[in-house]
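Note: hydrogens, waters and symmetry copies are ignored here, and every other heavy atom, side chains too, is used.
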Amino acid sequence: MTARIAELAAGYDRSGAFPAESLRIAHEAGLLTATIGKQYGGQGARVEESARILHRIGRGDPSVALIAAMTLNTHARQAVQPHWPEELYARLVKESFERPVLVNHARVEPELGSPARGGLPSTLARRTPDGWSLNGTKRFVTGAEGLDWFLVWATTDEPEPRVGTFLVPGGSPGIEVTGRWDQLGLRASGSHDVTFRDVEIPYEHVIGIGPYGAAAEQDNRAGAALHLPLAALYLGVARAAQSFFHTFAHERVPANLGHPVARTERFRRTAGEIEVLLTAAEELVFGGAARVDAADTSYTPEQAMGARVLADRHGVRAVELTVRLLGNPGLARGNPLERHFRDIQCAPVHAPQEDISLLAIGTKALNP
């Protein structure tokens, strides 16, 4: 599965097209439905298994892994704390076993930025005789062109406004991609800007609705453990870069040397540093995920956030080392290392970003 997705990755990276074939492959392997709870007929994969799935897909194509991560996260949350309307989620599960069904949150806005930094959405949910009408623009909606469900964070127009997540079918009239994703890395993730214009949904298609205020904002500590699989995804990218580095080192035989560069002290030392970086990061991520699954109360949200900070740093550093050692060949468009280098730059971008995580960790450390 990973090998086939990796074969397709370069083409999707060049075109920026939605990676439908790769997602179909992941679905046929049962990976897009792995976190559906056992109470719904699923496998009930938890945090560690999710991390290993995304690590493996990320090694093949992190754009595909990121799209998959959003759907896996949705099912994982539902398995632990059911919050979708019962009939609607039953329909989602049934369709998900039949075909790739993709779900993602639409939270970031042009003016607001990331909700992880606080603030409330300007996207407005207006009451209608039959339900809600949504208007607003969201940014960086990963997988936008292929989503079956948009989970839109919005403010109501009620006399006492509330905020909630509105469940919008992907084929609803009034949904438009209004800004194309054109970034350095994860070019096939399709994280476009999406505008909702008078999009009508039933009244009951809303979850987590609550008072207008700080309580409705994203809680970075509460969701910390779910960022461990995301960190694993990018460690998969770093492992792919490492694999190319090893192949290059064994195959490159300079005329003045007469043997593969893998036998030189310089390459062996760098290979050792890369392995230490990645092994340590994986121990933090997978070990932390296992402790979350075991309900280890001594494992704190701050430890999970710290694991992701260090994993991102180690992954970026490991790929930088491979590129630096290979020189021009490392940045040539004709090999995958150049793509891995671009993709790994996206690791620290996801919310909560490093400064927010360090602030939370430092606050806890100073006030235990």
Holding to salt bridge (Lys or Arg N to Asp or Glu O under 4.0 Å), I want the full list of residues that pass it with E21, two or more places apart in sequence or in another chain.
R24
Considering only Ile, Leu, Val, Met, Phe, Trp and Tyr, and joining two whenever side-chain heavy atoms are under 4.5 Å apart, list the other residues clustered with L359.
none
Show me the donor-acceptor pairs within less than 3.5 Å that the side chains of residues 313-329 make with the rest of the protein, sequence neighbours left out.
| residue | atom | partner | partner atom | Å |
| --- | --- | --- | --- | --- |
| R313 | NE | E354 | OE1 | 3.3 |
| R313 | NE | E354 | OE2 | 3.4 |
| R313 | NH2 | E354 | OE2 | 2.7 |
| H314 | ND1 | L277 | O | 3.0 |
| T322 | OG1 | V319 | O | 2.6 |

Identify the two heavy atoms, one from A360 and one from E302, that lie closest to each other, and give their separation to 0.1 Å.
O-CG, 4.0 Å
Any pair with a residue in residues 40-53 that passes side-chain hydrogen bond (donor to acceptor under 3.5 Å, both in side chains), sequence neighbours left out, goes on the list, sorted by first then second residue, please.
Y40-Q78, E48-R52
Check: N104 side chain, T142 main-chain N or O, donor-acceptor pair, under 3.5 Å:
yes
Sorted by chain and number, sequence neighbours left out, salt bridge (Lys or Arg N to Asp or Glu O under 4.0 Å) with R127 holds for none
To the nearest 0.5 Å, tell me how far S191 OG sits from I67 CD1.
7.0 Å
In this structure, would F97 and W149 fall into the same cluster of hydrophobic residues linked by side-chain contacts under 4.5 Å?
yes
Got a salt bridge between R268 and E265, using NZ or NE/NH1/NH2 to carboxylate O under 4.0 Å?
no
Taken in chain and number order and not counting sequence neighbours, the residues that satisfy ring pair (Phe, Tyr, Trp, His ring centres under 6.0 Å) with F286 are H55
Which residues pass the ring pair (Phe, Tyr, Trp, His ring centres under 6.0 Å) test with Y203, not counting sequence neighbours?
W132
Within the distance-only criterion (no hydrogens, no angle test), does the side chain of D148 pair as donor or acceptor with the backbone N or O of L102 below 3.5 angstrom?
yes
Look only at the side chain of N367 and the backbone of T363, and say whether a donor-acceptor pair between them is shorter than 3.5 Å.
yes
State the CD-CG distance between E338 and N335, to the nearest 0.5 angstrom.
7.5 Å
OG1/T155 to CG/L120 distance, rounded to the nearest 0.5 angstrom?
6.0 Å
Check this for me, if you would: do E158 and R126 make a salt bridge, where the nitrogen-to-carboxylate-oxygen distance has to be below 4.0 angstrom?
no
Mark yes or no for whether H27, through its side chain, and L32, through its backbone, hold a donor-acceptor pair below 3.5 Å.
no
Does Q81 use its side chain to pair, donor to acceptor, with the backbone of R77 at less than 3.5 Å?
no
How would you list, by chain and number, every residue that makes a salt bridge (Lys or Arg N to Asp or Glu O under 4.0 Å) with E87, sequence neighbours excluded?
none
Answer with yes or no whether the hydrophobic clustering places V103 together with M70; edges join I, L, V, M, F, W, Y residues whose side-chain heavy atoms lie under 4.5 Å apart.
no
Which residue pairs pass the side-chain hydrogen bond (donor to acceptor under 3.5 Å, both in side chains) test with at least one member in residues 167-185, sequence neighbours excluded?
E145-R180, E176-R197, T178-T195, W181-S189, D182-R187
Between S298 and Q303 the two heavy atoms that sit nearest each other are O-OE1, 3.1 Å
Spacing of CD1 belonging to I344 relative to CG belonging to L184, to within rounding of 0.5 Å
12.0 Å
Look only at the side chain of S357 and the backbone of M305, and say whether a donor-acceptor pair between them is shorter than 3.5 Å.
no
Ring pair (Phe, Tyr, Trp, His ring centres under 6.0 Å) partners of H205, counting only residues at least two apart
none
How close do P352 and R308 get, heavy atom to heavy atom, and via which atoms?
O-NH1, 3.2 Å
All heavy atoms of I175 vs all of F196, minimum pair found to be CG1-CD2, 3.9 Å
Kindly compute the distance separating OG1 (T270) from CZ (F245), expressed to the nearest 0.5 Å.
5.5 Å
So does E283 have more than 12 non-hydrogen atoms from other groups sitting under 6.0 Å from CD?
no
Nearest heavy-atom contact between I5 and G60 is CG2-C, 4.0 Å
Sidechain-backbone polar pair: D293 side chain, V47 backbone, donor-acceptor under 3.5 Å
yes
With sequence neighbours excluded, tell me which residues meet salt bridge (Lys or Arg N to Asp or Glu O under 4.0 Å) with D157.
none
Between R269 and E273 (salt bridge meaning N to carboxylate O under 4.0 Å), is one present in this structure?
no
Can any side-chain N or O of D343 pair as donor or acceptor with the backbone N or O of L186 at less than 3.5 Å?
yes
Could you check whether Y89 and H75 have their ring centres less than 6.0 Å apart?
yes
Who else is in the cluster with L310 when I, L, V, M, F, W and Y are joined by side-chain contacts under 4.5 Å?
L284
Could you tell me whether E109 and R139 make a salt bridge, using a distance below 4.0 angstrom between a side-chain N and a carboxylate O?
no
Between T156 and R162 (side chain of the first, backbone of the second, donor and acceptor by atom type, cut-off under 3.5 Å), is there such a pair?
yes
Mind listing the closest non-hydrogen atom pair of Y299 and A304 along with its distance?
OH-CA, 3.3 Å
